[in-house]
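Report on the structure given below.
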2 protein chains.
Amino acid sequence: MRAAALEELADRGYAALTIESVARRAGVHKTSVYRHWTDREGLVLDALTTNVAGGLVIPDTGHFETDLREFARGLVAWLTSPPGNAVVQATVADASRVPEIADLQRRFYAGRLQRDEVMIRRAIDRGEIPADTDAAEVIKALVGPIYLRLLITAEPIDASTADRATELALAAVRAGVLRSR
Amino acid sequence: MRAAALEELADRGYAALTIESVARRAGVHKTSVYRHWTDREGLVLDALTTNVAGGLVIPDTGHFETDLREFARGLVAWLTSPPGNAVVQATVADASRVPEIADLQRRFYAGRLQRDEVMIRRAIDRGEIPADTDAAEVIKALVGPIYLRLLITAEPIDASTADRATELALAAVRAGVLRSR
């Protein structure tokens, strides 16, 4: 049913998505959906989170720079794949017109950032970067240039985009501008 | 008629916008619109570009860091104002579902970046930063964290977001990771 929810999101957007429409697409009765999720927001959040967890691996190479680079390359690969594209569409496309989506989007990305921050905490534990490095800010410095090209300048993104974003984030960490305040 | 085009964009999106609907909103006959623009893409691009030119001033303080900071603060102020918000909605909200918009968006932001790059060229001319600094990459490093918060993490943006983005871009320029390749 999560897959049906994502397909529904990608095809018709969050505004048009209902528990009924997801049930219809999945070929089940709507009571089967309600058995697992109390409302469409819970269903969509779960579908998005599960999709990301499966598609976007957090590297653990034992080296901060390599972890960042592999993560950024993985993000580019995922964002340019059909499931990743569906997630971005679902969370961004309608957010400006449907206030409810802005809240869903905030919860979804807050959860994702939190999950990604383990890379930075491991680097702190290894003594590679200062202990007061702001993990969320590092992730945002890393993914910012990638999303900017995807959503704003509409430029193609590839491994070299990821590598450049990695250098940017690393330079900022090393310059000490991404510390907790 | 440009104002009517922006209102139409913000309210109904690019997919629903026609020369006829803009003329109706502006209270003129559609032939009056066609006298100035040959098609809706030209009209929308002109409306967006004029709006940005009026709302987003490029600072010229004689100092690179101050220029970047003022520009970033101005961008935040504009993005959180009704006209700026309308532009973002118009270019981003439907781009993933309407292929024609992706092209419009690419042309609009390419033009905008080119206009903003004068800040970097002036800093190069003053000898503040290396001559091979990639102007477009500096602007993207600067605005990336701001758009990421606006469109992806859905966090509030304010002057401190702008200042942090300025530090990030400066650190990257100083570390030499934003040079032409």
Side-chain angles (χ1 to χ4, degrees), chain A residues 10-13 85-86 88-98 101-110 112-113 134 136-137 139-156 160-161 163-179 181, chain B residues 10-13 85-86 88-98 101-110 112-113 134 136-137 139-156 160-161 163-179 181:
Chain A
D11 284 359
R12 308 181 56 215
N85 187 46
V88 173
Q89 274 194 26
T91 50
V92 174
D94 297 323
S96 59
R97 286 205 186 82
V98 188
I101 299 181
D103 179 58
L104 176 80
Q105 188 182 7
R106 193 162 20 244
R107 289 172 56 196
F108 169 62
Y109 283 101
R112 248 192 66 182
L113 284 175
D134 187 324
E137 289 297 316
I139 298 294
K140 284 187 257 185
L142 181 66
V143 306
I146 297 169
Y147 280 103
L148 184 79
R149 281 169 177 77
L150 187 71
L151 297 172
I152 292 291
T153 60
E155 294 168 281
S160 78
T161 314
D163 293 353
R164 204 145 191 175
T166 303
E167 289 175 39
L168 178 75
L170 272 175
V173 171
R174 287 175 181 153
V177 299
L178 299 179
R179 300 196 173 196
R181 298 186 179 181
Chain B
D11 283 0
R12 310 181 54 215
N85 187 44
V88 172
Q89 274 194 26
T91 49
V92 174
D94 297 323
S96 59
R97 287 203 184 83
V98 187
I101 299 182
D103 179 56
L104 176 79
Q105 189 182 8
R106 191 162 23 242
R107 288 172 55 195
F108 168 62
Y109 282 101
R112 249 191 66 182
L113 284 175
D134 187 325
E137 289 297 316
I139 298 294
K140 285 188 255 185
L142 182 67
V143 306
I146 297 169
Y147 280 103
L148 185 79
R149 281 168 176 78
L150 187 71
L151 297 171
I152 293 292
T153 61
E155 294 168 281
S160 78
T161 314
D163 293 352
R164 205 148 190 171
T166 303
E167 289 176 38
L168 178 75
L170 273 175
V173 171
R174 287 174 181 153
V177 299
L178 298 179
R179 301 196 173 197
R181 297 186 180 182

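Protein chains get the first letters and strands the later ones, always in sequence-line order, with residue 1 at the start of each. As the structure is a computational prediction, the values presented were derived from the model and not from experiment.
Between A:T153 atom OG1 and B:F108 atom CZ the span is 12.0 Å, to the nearest 0.5 Å.
Panel note: side chain B:Q105, backbone A:I152; a donor-acceptor pair is recorded below 3.5 Å.
Looking at A:R107, there are no atoms closer than 4.5 Å to chain B (heavy atoms on both sides), in backbone or side chain. For A:D134, the part lying under 4.5 angstrom from a heavy atom of chain B is the side chain only. Of the two parts of B:L150, neither the backbone nor the side chain holds a non-hydrogen atom closer than 4.5 Å to a non-hydrogen atom of chain A. Neither the backbone nor the side chain of A:I146 comes within contact range of chain B; no heavy atom of the residue lies under 4.5 Å from a heavy atom of that chain.
In plain terms, the two heavy atoms of A:L168 and B:L178 that are nearest each other are CD1-CD2, 4.4 Å. Contact between B:R179 and A:R164 at its shortest, heavy atoms only, is O-NH2, 2.7 Å. Between A:A171 and B:A175, the closest heavy-atom pair is CB-CB, 3.6 Å.
For the options B:R112, B:R106, B:R174, heavy-atom pairs under 4.5 Å to chain A are most numerous at B:R106.
Looking at heavy atoms from C-beta onward, B:E155 lies in side-chain contact with A:K140 at the 4.5 angstrom threshold.
Between B:R181 and A:E167 there is a salt bridge, since a side-chain N of the basic residue sits under 4.0 Å from a carboxylate O of the acidic one.
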Self-check item: Stepwise side chain to side chain contact (heavy atoms under 4.5 Å, CB included) check, B:V143 with A:L148
Solution: CA-CA 8 Å; B:V143 306; A:L148 184 79; 3.9 Å; yes
